[in-house]
Amino acid sequence: MNILIIGSGGRESAFAYKLSKSPRLDQLFIAPGNAGTGAYGQNINIKVTDFAAIASFVLENNVQMVLVGPEEPLVKGIHDYFLNREDLKNIPVIGPQQEGAQLEGSKDFSKQFMDRHGVPTAASRSFDATSLEDGLAYLETQKLPIVLKADGLAAGKGVLICETLEDAKAELKAMIADSKFGEASRVVVVEEFLKGIELSVFVLTDGNSYKVLPSAKDYKRIGEGDTGLNTGGMGSISPVPFADETFLNKVEERIIRPTVEGLKKDGIPYKGFIFIGLMNVEGEPYVIEYNVRMGDPETESVLPRIESDLLDLLEGVAQGNLDQRSYTVSPKTAVTVMLVAGGYPGDYESGKEIANIENVKESIVFQAGTKELDGKIVTAGGRVIAVTTLQDTLFEALQQATADAGRIYFEGKYFRRDIGFDLI
């Protein structure tokens, strides 16, 4: 098969790495890819939202499957674009259509969906410009801290945890009246704060049946000890030690099954990944959010643990017979440490030459924010490289990934040395 991966980050590097191992793969293309994805396939310089250019490339190169990495093209309707064109409609797209993508594209939509189908989540209410005064009054009746979420996509920055009532009121006004997050905060979800431990569970579904993929936990804060600003993710581990069989059975019964069944009841076709962000509150799972694609850097920890052919599973999604496919997972532990540019998640510099990648022998190097310039690999993003290792124990994996992260060099490089140590 010829396959096109849409995206350019560490997640897409992990997809490319995994698919490149399939004996059934013919040609692999990545649009636009990065300096590392070229090792697994051919990079194509097309923007992820340029659907017309993607379509032309697919037809000209006999692409037989499109795997969508990031959320933006899904929320903007890339799957619908293919279905609506006679010459493209039979080429499977792995990723939901626009309506299903609203599970991530609209926090209000996902909250209503969870309420409708009895999926456990934090209590909430949504407000807009017409109900701002009601929102301010509602805040006075709620316990602190309280969570404010921009309804739309805000590049991972649209969630605020407010410790005081004054702060919550000021932020609600800023989000709605002053468009703090632009169109994304035209509607704001005001949500109860849940205290517990976060983790992620990933599901692959063909719209009827599903496979539960390995669990993972990511680390969002820039500073060690989970301090400082939120980032896109500084590292991840899989599996999650506290997510035992009892807990994961609760997740499947109370969350995964009602979610997949709920999509069917609502008449929403869904072929692709569902990322379920969870809070473990004293052993009980609650949904924080849905994403309609795999997470990053969790993908870099989850995919190396899948021992079977990923292409076989994706074909099961495309053909609607995922229940007939089987897959196996390594008992080993994966740890991913993310190398970021100096200054990230604030202003950071790009164009710094990266050295010593070839000296990493016991880990997989997934490039993310990189590009090739004059024959050299240079930084081209905030999160630059994900270093993933697979070892027998969590402690061994933590040691190896941290050591290998230290072997790579670029000016201003920073990484957390404590990823996963809270779980030992």
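Residue numbers run from 1 in the order of the sequence given.
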Legend entry - Sidechain-backbone polar pair: N34 side chain, S8 backbone, donor-acceptor under 3.5 Å: yes
Inset, instruction - Working to the nearest 0.5 Å, report the span between CG of N43 and OG1 of T37. - result: 3.5 Å
Inset, instruction - Quick one: sort the F51 and Y81 rings into parallel, tilted or perpendicular, breaks at 30° and 60°. - result: tilted
Inset, instruction - Enter the distance from D218:CG to T231:OG1 here, rounded to the nearest 0.5 Å. - result: 8.0 Å
Inset, instruction - Establish, from distance only, whether the side-chain atoms of T379 and Y348 form a donor-acceptor pair under 3.5 Å. - result: no
Inset, instruction - Using modelled atom types only, decide if a donor and an acceptor are shared between the side chain of S238 and the backbone of S215 within a distance under 3.5 Å. - result: yes
Legend entry - Backbone N/O of V360 and side chain of D404: donor-acceptor pair under 3.5 Å: no
Legend entry - Check: S106/D151 side-chain N/O donor and acceptor closer than 3.5 Å: yes
Legend entry - Backbone of D312 reached by a side-chain donor or acceptor of Y327 within 3.5 Å: no
Inset, instruction - Could you tell me whether a side-chain N or O of N280 sits under 3.5 Å from a main-chain N or O of I197, the two making a donor and an acceptor? - result: no
Inset, instruction - Determine the minimum heavy-atom distance between R221 and R416, stating which atoms define it. - result: O-NH1, 2.9 Å
Legend entry - Non-hydrogen atoms of P70 and R11 that approach each other most closely: CA-NH2, 3.4 Å
Inset, instruction - Determine yes or no for a side-chain-to-main-chain donor-acceptor pair under 3.5 angstrom, with D418 supplying the side chain and F421 the backbone. - result: no
Inset, instruction - Please say whether more than 12 non-hydrogen atoms of neighbouring residues, nucleotides or ligands are located less than 6.0 Å from CD in E349. - result: no
Inset, instruction - Without swapping roles, check the side chain of E12 against the backbone of G7 for a donor-acceptor pair under 3.5 Å. - result: no
Legend entry - Neighbour count above 12 (heavy atom, 6.0 Å) for E245 CD: no
Legend entry - Under 3.5 Å donor-acceptor, R383 side chain and G232 backbone: yes
Inset, instruction - Might you point out which heavy atoms bring S200 and E298 nearest each other, and give the distance in Å? - result: OG-OE2, 3.4 Å
Legend entry - Test side chain to side chain contact (heavy atoms under 4.5 Å, CB included) applied to F273 and V203, N291, T205, L204, the passing residue: L204
Inset, instruction - Before giving the answer on side-chain contact (heavy atoms from CB on, under 4.5 Å), spell out for T259 and H117 the whole-Å C-alpha distance, their side-chain angles and the decisive distance to 0.1 Å. - result: CA-CA 7 Å; T259 297; H117 299 292; over 6 Å; no
Legend entry - Heavy-atom side-chain proximity of Q27 to N61 below 4.5 angstrom: no
Legend entry - Smallest separation among heavy atoms of A35 and Q367, with atom names: CB-OE1, 3.4 Å
Legend entry - Side-chain donor or acceptor of R186 paired with backbone N/O of G152 under 3.5 Å: no
Legend entry - Euclidean distance, L67 CG relative to L310 CG, rounded to 0.5 Å: 7.5 Å
Inset, instruction - For T121 and V287, indicate whether the former's side chain and the latter's backbone hold a donor-acceptor pair under 3.5 Å. - result: yes
Inset, instruction - For residues Y270 and F113, establish whether the separation of their ring centroids is below 6.0 Å. - result: no
Inset, instruction - State whether the number of non-hydrogen atoms from other residues, nucleotides or ligands found under 6.0 Å of K376 atom NZ is greater than 12. - result: no
Inset, instruction - Decide if atom OH of Y40 counts as having more than 12 heavy atoms of other residues, nucleotides or ligands within a radius under 6.0 Å. - result: yes
